[in-house]
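Right, one structure below, let's go through it.
All ligand and atom numbering here is 1-based and tracks the order in the structure.
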Amino acid sequence: MIRGDKMKIHVMENASQIGKAVGSLFVDAINEKPDITLGLATGASPIPAYKYIYKAYEKGKVSLKEVKTFNLDEYVRLPKNDPNSYYSFMHRELFDRTDIKEKNVHFLNGNARDTEKECKRYDDMLEKAGIDIQLLGVGRNGHIGFNEPSICFSKGSFKVKLTQSTINANKKYFSENPMPTEALTMGVGSIMKAKKIVLIATGNAKADAIAALVNGEVTPVCPVSILQFHHDVEVYLDKAAASLL
Ligand code: F6R
């Protein structure tokens with residue numbers, strides 16, 4: 001396979017334009033396949049796209065009642081209802097504002113006693129469902145989901161120790177409970193199995209990771225670089241994130 005041959009790169013004015021473009025891509029995909037399976041991300045990057053989707057729902061332009069979702073990751077030992085859990089994030093930013101059914105939304109359970117068993121449970125469900133479109137952000141160190149820089153790519157879900165770079169980027173959100181230093185994440189192998197991948201990155205802090213995604217060596221030291229081997233990736237950037245291309 002020729003790496004990067006099918007990567008479509010869109011450079012847009014700002015995060016809100018990206019939100020409209022990505023949001024409408026998802027709305028169209030849902031309208032085309034109402035029982036679509038989506039892989040979803042948290043963090044700042046997807047918020048404008050989620051807003052576009054729930055606004056489209058409010059206007060009667062889309063329904064999520066048959067949509068199935070799988071989130072990429074969840075913190076370990078953070079109560080599910082903590083405002084910073086990814087479960088809470090997704091309900092606040094998207095699910096509670098639409099007609100999606102709770103039984104159709106899936107998360108890794110960061111409070112499971114046996115994390116290996118929990119990861120296996122999630123991977124089995126993922127395998128059965130098959131992700132149609134996976135939405136991704138990217139960490140400044142090139143992580144996708146919480147697949148941090150490493151010596152190998154992980155196939156399935158696993159428990160990860162977060163790097164200092166990720167802790168520094170996310171600790172600003174934590175006030176009640178301290179930020180967990182571990183998370184459960186879908187593996188790179190599962191992300192790569194999605195039929196289509198849509199990645200959003202904005203701001204200067206992401207420029208190195210984006211340069212590595214587009215032109216760098218494919219290496220687990222920069223996990224996002226693996227996307228060069230996927231056949232259908234769309235990347236949505238602002239000018240700052242695209243500044244090193
Ligand atoms: C979150 C996730 C992470 C984020 C990444 C970028 O579910 O999977 O990989 O996408 O840390 O975060 P933001 O968008 O906040 O810069």
Side-chain angles (χ1 to χ4, degrees), residues 12 14-16 18-19 22-23 38-51 69-76 78 80 82-95 105-110 122 126 131 133-150 153-154 157-174 179-192 194 197-210 212-213 220 222-227 233-238 240-242:
M12 314 204 115
N14 52 42
S16 122
I18 296 174
V22 173
L38 301 175
L40 297 179
T42 58
S45 304
I47 289 178
Y50 292 156
K51 185 170 177 189
T69 67
F70 286 85
N71 263 80
L72 280 166
D73 39 21
E74 183 57 281
Y75 290 111
V76 164
L78 187 65
K80 187 173 170 183
D82 183 287
N84 285 307
S85 76
Y86 287 165
Y87 176 88
S88 297
F89 175 99
M90 287 307 305
H91 283 79
R92 186 169 64 237
E93 301 296 339
L94 182 65
F95 297 157
V105 306
H106 303 95
F107 290 85
L108 280 154
N109 176 6
Y122 206 62
L126 274 171
I131 291 180
I133 310 180
Q134 175 66 56
L135 181 59
L136 294 177
V138 61
R140 48 191 80 184
N141 63 3
H143 71 226
I144 47 175
F146 273 142
N147 290 269
E148 297 280 37
S150 167
F153 291 113
S154 162
S157 302
F158 68 107
K159 180 158 90 173
V160 62
K161 203 169 161 17
L162 299 173
T163 60
Q164 200 54 48
S165 158
T166 302
I167 293 169
N168 291 344
N170 288 0
K171 69 179 178 204
K172 59 177 179 283
Y173 299 121
F174 287 80
M179 179 175 166
T181 55
E182 292 179 323
L184 299 185
T185 182
M186 251 163 76
V188 165
S190 307
I191 293 171
M192 288 294 282
I197 293 179
V198 176
L199 183 141
I200 300 174
T202 56
N204 276 317
K206 304 291 174 71
D208 283 323
I210 294 304
L213 159 66
C222 184
V224 73
S225 64
I226 190 80
L227 301 187
V233 181
E234 290 206 39
V235 182
Y236 288 82
L237 307 171
D238 67 358

To which protein heavy atom is [atom] closest, and what is the distance rounded to 0.1 Å?
{"atom": "atom 9 (O) of ligand 1", "result": "Gly145 O, 2.7 Å"}
{"atom": "atom 5 (C) of ligand 1", "result": "His143 NE2, 3.4 Å"}
{"atom": "atom 6 (C) of ligand 1", "result": "Val138 O, 3.3 Å"}
{"atom": "atom 2 (C) of ligand 1", "result": "Asp73 OD2, 3.3 Å"}
{"atom": "atom 14 (O) of ligand 1", "result": "Ser45 OG, 2.5 Å"}
{"atom": "atom 16 (O) of ligand 1", "result": "Lys206 NZ, 2.7 Å"}

Give yes if a backbone or side-chain nitrogen or oxygen of Tyr173 is under 3.5 Å from a nitrogen or oxygen of ligand 1, and no if not.
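So ligand 1 has no N or O lying under 3.5 Å from an N or O of Tyr173.
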
Nearest heavy-atom contact between Leu38 and Ile131 is C-CG2, 4.3 Å

Need the ligand 1 atom indices (1-based, order shown) with element for anything under 4.0 Å from a heavy-atom of Leu72.
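Checking each atom against Leu72, I get 8 (O).
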
If you measure from each non-hydrogen atom of Thr42 to ligand 1, which part falls under 4.0 Å: side chain, backbone, both or neither?
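For Thr42, backbone and side-chain atoms both sit under 4.0 Å from ligand 1.
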
With a 4.0 Å heavy-atom cut-off (strictly under), which part of Thr166 contacts ligand 1: side chain, backbone, both or neither?
neither

For the side chain of Lys80 and the backbone of Tyr87, is there at least one donor-acceptor N/O pair under 3.5 Å apart?
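Between the backbone of Tyr87 and the side chain of Lys80 there is no qualifying donor-acceptor contact (under 3.5 Å).
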
Let me confirm one number: the [atom1]-[atom2] distance from [X] to [Y], rounded to the nearest 0.5 Å.
{"X": "Ser165", "Y": "Glu148", "atom1": "OG", "atom2": "CD", "value": "7.0 Å"}
{"X": "Leu237", "Y": "Ile18", "atom1": "CG", "atom2": "CD1", "value": "6.5 Å"}
{"X": "Met192", "Y": "Met186", "atom1": "CE", "atom2": "CE", "value": "12.0 Å"}

When Phe146 is tested against each of Asp73, Leu108, Leu72 for side chain to side chain contact (heavy atoms under 4.5 Å, CB included), which residue passes?
Asp73

Please identify which of these residues, Tyr86, Phe70, Phe95, meets the side chain to side chain contact (heavy atoms under 4.5 Å, CB included) condition with Leu40.
Phe95

Determine whether the aromatic ring centres of Phe174 and Tyr75 lie less than 6.0 Å apart.
yes

Proximity winner for atom 13 (P) of ligand 1, if only heavy atoms of Ala183, Ser165, Ala44, Gly137 are counted
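Heavy atom nearest to atom 13 (P) of ligand 1 belongs to Ala44.
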
